[in-house]
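See structure below.
The shown structure was predicted, so the numbers you read here are calculated from the model rather than taken from an experiment. Below, all heavy atoms of this structure are taken into account, side chains as well, without hydrogens, waters or symmetry copies.
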Amino acid sequence: MTQISQRRLAILGAVVLAGVFLAANAHLLTVALRSQPDCVAPAPDKPPARRAC
């Protein structure tokens, strides 16, 4: 394997790794923003977490 092909392979690997990292973080952010748990009845002596509950 020549030095140029090794360099191209290393750059391609870094780009793929960065793409996977960004895609995983985008998925995590999407799931976090879409998941809204239902309101549950709090304990009598504690207020609800959100005022809308």
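Heavy-atom neighbours of Gln6 CD from other residues, nucleotides or ligands within 6.0 Å: above the threshold of 12. Summarising the local packing, CG of Leu33 is surrounded by more than 12 heavy atoms from other residues, nucleotides or ligands at distances under 6.0 Å.
In this structure, Met1 and Leu9 have side chains that are in contact, with non-hydrogen atoms separated by less than 4.5 Å.
Here Leu22 contributes atom CG and His27 contributes atom NE2; the two are 14.5 Å apart, rounded to the nearest 0.5 Å.
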